[in-house]
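A short worksheet on the structure shown next.
Along the sequence shown, the residues carry numbers beginning at 1. Basis for what follows: all heavy atoms, side chains included, without hydrogens, waters or symmetry-related copies.
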Amino acid sequence: MKDYVLIQPDMPLEEKLKILSAAAKYDVSCSSSGVERKGNERDTGSASAAGICHSFASDGRCISLLKILLTNECIFDCKYCINRISNDVLRASFTPDEVCRLTMEFYRRNYIEGLFLSSGIMKSPDYTIGLIYEAIYKLRTQYRFNGYIHVKAIPGCDPEMLEQLGYLVDRMSVNLELPTSDGLSKLAPHKSRKNILKPMKEIQTGIQNNRHMHGIYNKKQHITMTDGGYGQQKQIASEDTNLILSENYLAESKEHLSEKLKLNKVPLFTENQEIASVSENQTQIRSVGTNGKYFVPAGQSTQMIIGATPESDYHIINVTQALYDNYDLKRVFYSAYVPLNEDKYLPALGTKPPLLREHRLYQADWLLRYYGFYAKELLTEDRPYFNELIDPKCDWAVRHLELFPVEINKADYYTLLRVPGIGVKSARRIIAARRYGTLDFQHIKKMGVVLKRALYFITCGGKMMYDIKLEEKYITNQLIFSEPVSKQGNGKDFRQMTIFDFIN
């Protein structure tokens with residue numbers, strides 16, 4: 001392994017920006033603000049709770065945040081990383097003052113609304129986090145920047161430095177890197193799952209303590225509806241992933257599938273219960289709430305690389321569930337692996353990134369966060385991958401046709417959320433509108449329901465839109481090809497079209 005990097009000491013700032021902004025494009029966990037902070041006469045900038053309006057460059061970079069690395073130097077040799085120490089790439093580093101200058105000049109020109117700052121590991125985690133802290137401290141105090149700041153925490157750094165940084169930024173994130181510790185030890189031997197999880201727990205504890213200090217007590221609510229109903233929860237252990245999952249057994253009738261909202265969930269853990277094994281005594285953040293400040297008010301997030309290691313969607317989505325349950329993450333981001341380095345453990349150069357798989361994981365992630373699904377419902381050990389031809393919600397619905405169709409005029413809110421084509425807004429509109437009369441298909445279409453997906457799973461006034469055969473293969477094909485259902489046919493007369501149909 002090579003122990004040197006190629007550095008140009010007198011590199012112009014413009015050249016540094018070109019190198020370090022390009023190097024940051026592989027980090028996709030660049031999210032909108034989630035905090036509300038108005039501008040004032042003393043400071044420069046503000047932050048909107050509605051989030052930053054993103055635009056994207058031709059190479060996929062988000063350009064409404066100044067997205068840069070402090071340095072692309074790194075002491076580690078992660079096989080998947082373009083900036084690993086063994087790669088002969090041109091290296092550059094910003095000084096803290098250069099980071100401040102770039103942020104202020106870009107903001108004044110209305111190019112950006114905030115800063116996303118990540119970094120390679122230069123010399124040591126403590127040395128690197130010290131430079132990041134100096135840059136952010138100067139930006140907040142000397143340059144009076146009041147805009148949104150998202151910073152990558154450095155695993156292995158001093159917890160006190162991490163705490164002080166948390167009072168200066170809006171969001172922090174620690175990259176999980178890979179879904180399993182086995183993959184991490186194979187592709188990133190200098191990193192460990194424990195070192196990655198420790199700062200995540202420290203950030204979580206700091207956020208919770210700070211909220212309590214400010215009198216904010218909010219219990220996260222999550223809908224429990226596995227196998228179509230609410231009922232008693234039972235702990236089971238998966239042999240392949242060593243995850244403790246919650247399994248619900250059908251305890252209510254089909255008409256009352258989601259009558260109650262479950263507030264207490266069985267905690268989920270990752271392999272060998274690593275995510276839950278970090279000692280609480282090691283994660284207490286000291287001096288929370290100093291000077292009335294908020295600690296990481298926009299929460300924390302993380303990122304997983306998809307496709308560099310052979311984990312299934314089932315494993316990835318269960319790890320995601322565990323992270324949400326045990327670390328109160330705002331988001332888990334998924335990054336389709338782009339082959340950059342040649343290695344026997346990695347996909348060959350030229351292999352296309354699994355972008356569609358990444359998209360389906362994001363859709364499934366949305367179901368976990370907003371639609372009340374559990375990872376155990378979406379995939380099983382026997383069926384460990386999503387059908388990439390249809391979205392995960394449709395995939396779940398066609399595999400649970402015994403729960404459909406549901407009556408639009410009677411189903412409760414949480415049951416409506418389970419119907420493909422019905423989102424959060426349209427479900428709320430349906431609940432509100434049906435107080436004043438019976439709804440039909442035209443009514444719900446105007447409310448935003450996507451009928452080309454929903455029509456297979458709903459009735460209005462006890463009738464389906466068309467006479468449809470409730471059969472998994474038939475509905476799946478219809479959803480894949482988006483073919484309209486004939487008003488005259490009931491699905492039984494449909495057949496696969498062949499080339500001979502075009503002859504005479």
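- Considering OG1 of T71 and CZ of R91, their distance stands at 8.0 Å, rounded to 0.5 Å.
- When all heavy atoms of F94 and L69 are compared, the closest pair comes out as CD1-O, 3.4 Å.
- Between G120 and T128, the shortest heavy-atom distance links the atoms O-CG2, 3.4 Å.
- Y362 places a side-chain N or O within 3.5 Å of a backbone atom of Y334 that can act as its donor or acceptor partner.
- Of the candidates V99, L165, L168, L165 is the only one forming a side-chain contact (heavy atoms from CB on, under 4.5 Å) with I132.
- Of the possible polar contacts, one joining the Q321 side chain to the A375 backbone as a donor-acceptor pair under 3.5 Å is found.
- Annotation for L65 and L115: closest pair CD2-N, 4.0 Å, computed over non-hydrogen atoms.
- The neighbour count for K186 NZ, taken as heavy atoms of other residues, nucleotides or ligands under 6.0 Å away, does not exceed 12.
- For the pair R193 (side chain) and P179 (backbone), a donor-acceptor distance under 3.5 Å is present.
- With Y327 as the aromatic partner, K201 meets the cation-pi criteria of under 6.0 angstrom to the ring centre and within 45 degrees of the ring axis.
- A donor-acceptor pair shorter than 3.5 Å cannot be found between the side chains of S173 and Q303.
- Separation of atoms NZ (K191) and SG (C78) is listed at 3.5 Å; rounding is to 0.5 Å.
- The structure places OG1 of T95 at 5.0 Å from CG of D97, a figure rounded to the nearest 0.5 Å.
- Between I196 and V174 the shortest heavy-atom distance is O-CG1, 3.6 Å.
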Self-check item: Evaluation steps, side chain to side chain contact (heavy atoms under 4.5 Å, CB included), between I112 and K67
Solution: CA-CA 10 Å; I112 63 168; K67 187 177 180 183; over 6 Å; no
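- Between atom CH2 of residue W366 and atom CG of residue L361 there is a gap of 15.0 Å, rounded to the nearest 0.5 Å.
- Counting only residues at least two apart or on different chains, the salt bridge (charged side-chain N to carboxylate O under 4.0 Å, His left out) pairs with a member in residues 346-366 are D313-R357, D365-R369.
- Looking at N210 and Y167, their side chains come closer than 4.5 Å, going by heavy atoms from C-beta outward.
- Heavy atoms of other residues, nucleotides or ligands lying less than 6.0 angstrom from CD of E342 number 12 at most.
- Using modelled atom types, no side-chain atom of D77 and backbone atom of R84 make a donor-acceptor pair closer than 3.5 Å.
- The two residues C81 and N341 come nearest to each other via the heavy atoms O-ND2, 2.9 Å.
- Between E14 and K18 there is no salt bridge, since none of the side-chain N atoms of the basic residue sits less than 4.0 Å from a carboxylate O of the acidic one.
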Exercise. Check the pair I203, F295 against side chain to side chain contact (heavy atoms under 4.5 Å, CB included), reporting the backbone distance first and the verdict last.
Key: CA-CA 8 Å; I203 295 169; F295 184 86; 4.3 Å; yes
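- In this structure, a donor-acceptor pair under 3.5 Å is present between the side chains of Y80 and E177.
- Side-chain atoms of R331 do not come within 3.5 Å of backbone N or O of S301 as any donor-acceptor pair.
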Exercise. Quick one: do L13 and L102 satisfy side chain to side chain contact (heavy atoms under 4.5 Å, CB included)? Show the steps, please.
Key: CA-CA 9 Å; L13 183 59; L102 283 170; 4.1 Å; yes
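- The backbone N or O of Y414 lies less than 3.5 Å from no partner atom in the side chain of R418, so there is not a single donor-acceptor pair.
- Distance alone, capped at 3.5 Å, places no donor-acceptor pair between the K393 side chain and the G421 backbone.
- Separation of atoms CG (L367) and OH (Y374) is listed at 14.0 Å; rounding is to 0.5 Å.
- Formation of a donor-acceptor pair under 3.5 Å by the Q204 side chain with backbone atoms of N326 is found in this model.
- Formation of a donor-acceptor pair under 3.5 Å by the R140 side chain with backbone atoms of V169 is not found in this model.
- Look at D328 and R211 and you find no salt bridge, because none of the NZ, NE, NH1 or NH2 atoms lies under 4.0 Å from a carboxylate O.
- Remark: I82 CD1 to C74 SG distance equals 12.5 Å, nearest 0.5 Å.
- Open room surrounds OH on Y137; 12 or fewer heavy atoms of other groups in view lie less than 6.0 Å from it.
- F386 has its side chain out of reach of D391: every pair of non-hydrogen atoms, C-beta onward, lies at least 4.5 Å apart.
- Looking at heavy atoms from C-beta onward, Y314 lies out of side-chain contact with R383 at the 4.5 angstrom threshold.
- A donor-acceptor pair under 3.5 Å is formed between the side chain of N72 and the backbone N or O of L90.
- Residues M200 and T302 approach most closely at CE-CB, 4.3 Å, considering heavy atoms.
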